[in-house]
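FYI, side chains are in, hydrogens and waters are out, and symmetry mates aren't considered; it's all heavy atoms of this structure. Because the structure is predicted, anything quoted here is derived from the model rather than measured.
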Amino acid sequence: MDELERPAEYWIGKSIFELRTPAFIVDKYKTQRNCSLLINKSKAAGLALRPHIKTHKTVEGARMQLGGELESVVVSTLAEARLLCQNGFQDILYGIPISPDKFPEVKILGERVKAFHLMVDNLSIVKQLENFHKEKKMEKKFSVFLAVNAGYGREGTSLGDMTFKVAHYLSTSSCFEFQGLYSHSGHAYACATDENLAAVSLEEASIMAEEAELLRKNGIPVKHVSVGSTPAALFLVRPPKAGESVSEITNKPKVTEIHAGNYLFLDCQQAIIGKELQEKEGNAPGDVERYQDILDQCGCYVLARVLSVYPDRKKLLIDAGALALSKDLARAPLIGFGHVVGYPYLVIEKITQEVGVVTTYPGVDSELINEQEFPIGSFLKIIPNHSCLTAACFPEYYVVEGGESVDDSAPSQLREDEEESKDGTEEDQKVKPPGKHEKVIEVWKPCRGW
C-alpha cells in the first residue's frame with residue numbers, strides 16, 4: 001500500500017515511534033482509571049454524573065465515561081450529538097444555548113433518541129422554539145434545561161426574577177418538558193488553593209440549590225439541579241481529607257447531578273488547580289514535584305520529534321506548534337505551552353503554527369541542551385496545558401495500553417539502540433516488539449465540525 005494511502009488503522013500493532021508526528025497518544029489505562037474513579041466517587045456521594053464528551057468527541061471515550069452503568073451525557077456541538085445518536089446513546093444534552101438555525105436538526109435528533117435535551121437562557125429563544133414547535137405540529141415536546149449564571153458569568157439567566165420568568169414559561173407551555181437547572185463553574189479553573197476551590201464549588205451548589213427551592217415553592221417542578229466543571233465536580237465528590245470532619249464535606253447544598261469532561265484525560269491546568277502558587281524556598285525553577293501527582297494521572301500526551309538543535313542558542317526546534325498543542329499558556333509557576341515528560345527543566349517557550357521552540361527554565365543550566373542528549377529525529381512526550389483544545393487539533397488518537405508509569409527513556413536512548421543493532425546478527429537487527437506504553441492497540445476518530 002502506498003504510504004500516502006495508509007488508513008490510521010494501519011498503525012495498530014505498531015510502535016508509536018513509527019508514527020508521523022506530531023501525534024496524539026491516549027493512555028487507555030489512565031483514561032479508564034480516571035473515568036472509573038469519578039463514577040465511583042459520584043455514586044458514593046449520592047450524585048448523578050452526566051459526563052461531557054467535548055474533550056475527546058469520540059464514541060469510545062463516551063462509552064468509557066459511562067462505564068456501562070450511566071446513560072446521560074453532555075455535548076457541545078451537534079456533530080457530537082449526531083455521532084452519539086448514530087451509536088445508540090439515548091440521553092443527550094446539547095450543552096450550550098440553542099440558536100434558531102439549529103431548530104430543524106434538534107427536532108430530528110429528538111425524534112431519534114429517548115431523551116434529547118436543549119439548553120436555553122432567555123425568553124426570546126424560548127418563544128421562538130415554541131413557535132417552531134407549533135408550526136411543525138410536533139408531537140414530542142422539547143426537553144429543556146435552563147442555564148443559570150451561578151458565578152462564572154458566561155451563559156445563564158441572572159438569579160432571581162429572570163430565572164423565575166423563564167422557568168415559569170417553560171413549565172406552563174405545552175411545547176416543553178422542563179427538566180431543571182444547569183450551571184457551569186468555569187471560574188473554578190482559576191482557583192489557586194483548596195480553600196478557593198471549596199468556596200467556588202460550594203457557592204455554585206448553594207446558589208443552584210436555592211434557586212431550585214424557590215422555583216419549587218412557587219409551584220414549578222425542578223427534576224434536576226446540575227452543577228460542575230472538572231475541578232468543581234472532583235471537589236464535590238471527594239471524601240473528607242485528614243483532619244476534616246465528615247460533616248464538612250458531606251453537608252453540601254442539595255444538588256442532584258454533576259457534569260465534567262476534562263477529567264478523563266486531565267492536563268497541566270488541572271495539575272495547578274487547588275495548589276498553593278507560592279514558590280517554596282529551595283525549589284528549582286521548573287520544579288514540578290508539587291504537581292506530579294496529577295501529571296502522572298494524565299491520560300494523553302502529544303508525541304513530537306526534534307527537528308533541529310541549536311547549541312549556540314541553547315534551543316530545540318520540535319514539530320509541534322499551535323496546531324498540535326493549542327495556544328493556551330501554562331499558569332504560574334509553570335510556564336510555556338506544555339509539560340515535557342521526563343524533562344522537568346525544559347520549557348516550550350514559543351510556538352508558531354507548525355513548530356515549537358524548546359529551551360530550559362530560567363536559572364537552569366542551558367548546557368543541558370545539546371545534540372547528544374536530543375539527537376535530530378528523537379522524541380519528546382508533551383502533556384498539554386489544555387487537553388480539550390489540544391485533542392481537537394488531531395484527526396485521530398492513537399491508543400496505547402499504558403499503565404501506572406510511562407516509559408520515558410531519553411530520546412537519545414532510542415537512537416543508541418538503533419545504532420547497536422546495525423552491527424549485530426540478523427536476529428539482533430529485528431525490531432523489539434513495542435511494550436504496553438508504545439504499541440498502538442486502537443485508533444479513535446473524533447467527530448469534526450459543529
Side-chain angles (χ1 to χ4, degrees), residues 8 11 14-31 34 54-58 61 262 264-271 288 291 294-308 316-330 334-344 346-359 374 377-402 405-411 414 434 437-446 448:
W11 301 103
K14 295 180 170 54
S15 168
I16 58 172
F17 299 120
E18 297 180 59
L19 295 171
R20 288 280 297 273
T21 52
F24 190 81
I25 311 298
V26 172
D27 184 308
K28 189 172 184 178
Y29 173 88
K30 292 182 179 180
T31 300
N34 292 341
K54 75 180 184 70
T55 297
H56 55 87
K57 302 174 182 283
T58 66
N262 181 273
L264 91 161
F265 284 158
L266 299 175
D267 50 29
C268 291
Q269 66 179 348
Q270 298 294 344
V288 297
Y291 317 109
I294 299 297
L295 292 173
D296 285 344
Q297 297 172 41
C298 289
C300 69
Y301 61 87
V302 173
L303 185 69
R305 278 184 172 88
V306 174
L307 302 178
S308 290
L316 307 173
L317 188 72
I318 61 173
D319 63 355
L323 292 184
L325 300 173
S326 90
K327 279 202 167 184
D328 275 20
L329 278 164
L334 300 182
I335 59 176
F337 294 91
H339 169 67
V340 183
V341 178
Y343 297 93
L346 291 182
V347 57
I348 304 169
E349 68 167 1
K350 181 169 64 176
I351 56 175
T352 52
Q353 183 165 308
E354 309 295 352
V355 298
V357 177
V358 181
T359 187
F374 301 100
S378 56
F379 300 89
L380 296 180
K381 298 173 180 178
I382 303 163
I383 295 176
N385 289 335
H386 186 178
S387 60
C388 306
L389 285 181
T390 298
C393 295
F394 291 87
E396 60 268 327
Y397 312 151
Y398 295 98
V399 182
V400 298
E401 181 182 343
S405 61
V406 179
D407 179 11
D408 296 320
S409 302
L414 185 63
H437 296 292
E438 301 172 359
K439 182 180 178 180
V440 178
I441 60 171
E442 298 173 17
V443 177
W444 295 359
K445 294 186 178 180
R448 316 294 282 181

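Crowding of Lys14 atom NZ: a count of heavy atoms from other residues, nucleotides or ligands under 6.0 Å exceeding 12. The number of heavy atoms from other shown groups lying within 6.0 Å of CZ (Arg448) is above 12.
Residue Ile16 holds its CD1 atom at 12.0 Å from OH of Tyr398, rounded to the nearest 0.5 Å. How far CZ of Arg305 is from CZ of Phe17: 9.5 Å, rounded to the nearest 0.5 Å. Rounding to the nearest 0.5 Å gives a distance of 7.0 Å between CG of Asn385 and CG of Asp328. In this structure, Thr390 OG1 and Leu323 CG are separated by 11.0 Å, a value rounded to the nearest 0.5 Å. To the nearest 0.5 Å, atoms CD (Glu442) and CD (Glu396) are separated by 14.5 Å. Between the CG atom in Asp319 and the CZ atom in Phe379 there is a gap of 9.0 Å [rounded to 0.5 Å].
Listed here is the closest heavy atom pair of Cys268 and Leu295: SG-CD2, 4.1 Å. Contact between Cys393 and Leu389 at its shortest, heavy atoms only, is SG-O, 3.4 Å. In terms of heavy atoms, Tyr29 sits closest to Gly402 at CB-C, 3.8 Å. Shown here for Ile351 and Lys327, the closest heavy-atom pair between the two residues is CD1-CG, 4.0 Å.
Evaluation of the side-chain hydrogen bond (donor to acceptor under 3.5 Å, both in side chains) rule for Asn262 yields Asp267, Gln270, Ser387 as partners, not counting sequence neighbours. Among residues two or more places apart in sequence or in another chain, the side chain to side chain contact (heavy atoms under 4.5 Å, CB included) test is passed with Leu317 by Leu307, Ser308, Tyr310, Val355, Val357. In terms of the side-chain hydrogen bond (donor to acceptor under 3.5 Å, both in side chains) criterion, Asn34 has no residue partners (sequence neighbours excluded). Here Thr58 pairs with His56, Glu60, Tyr397, Trp444, Pro446 under the side chain to side chain contact (heavy atoms under 4.5 Å, CB included) rule; sequence neighbours left out. Scanning for side-chain hydrogen bond (donor to acceptor under 3.5 Å, both in side chains) contacts around Lys54 gives an empty result, with sequence neighbours left out.
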For the pair Phe337 and Ile382, evaluate side chain to side chain contact (heavy atoms under 4.5 Å, CB included) and give the outcome as yes or no after the intermediate values.
CA-CA 9 Å; Phe337 294 91; Ile382 303 163; over 6 Å; no

What's the verdict on side chain to side chain contact (heavy atoms under 4.5 Å, CB included) for Asp27 and Tyr301, showing C-alpha distance, side-chain angles and the deciding distance?
CA-CA 8 Å; Asp27 184 308; Tyr301 61 87; 5.6 Å; no

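Inter-residue side-chain proximity for Val443 and Trp11 is flagged as unmet; no heavy-atom pair is nearer than 4.5 Å. In this structure, Ser326 and Pro384 have side chains that are not in contact, with every pair of non-hydrogen atoms separated by 4.5 Å or more. In this structure the side chain of Phe394 reaches within 4.5 angstrom of the side chain of Pro22, judged on heavy atoms.
Counting only distance, with no hydrogens or angles, the side chain of Lys30 and the backbone of Asp296 share a donor-acceptor pair below 3.5 Å.
For residues 346-356, the side-chain hydrogen bond (donor to acceptor under 3.5 Å, both in side chains) pairs, not counting sequence neighbours, are Lys315-Glu349.
Just one of Leu316, Val347, Leu346 meets the side-chain contact (heavy atoms from CB on, under 4.5 Å) condition when paired with Thr359; it is Val347. The only option from Val399, Val400, Val302 that meets the side-chain contact (heavy atoms from CB on, under 4.5 Å) definition with Ile25 turns out to be Val400.
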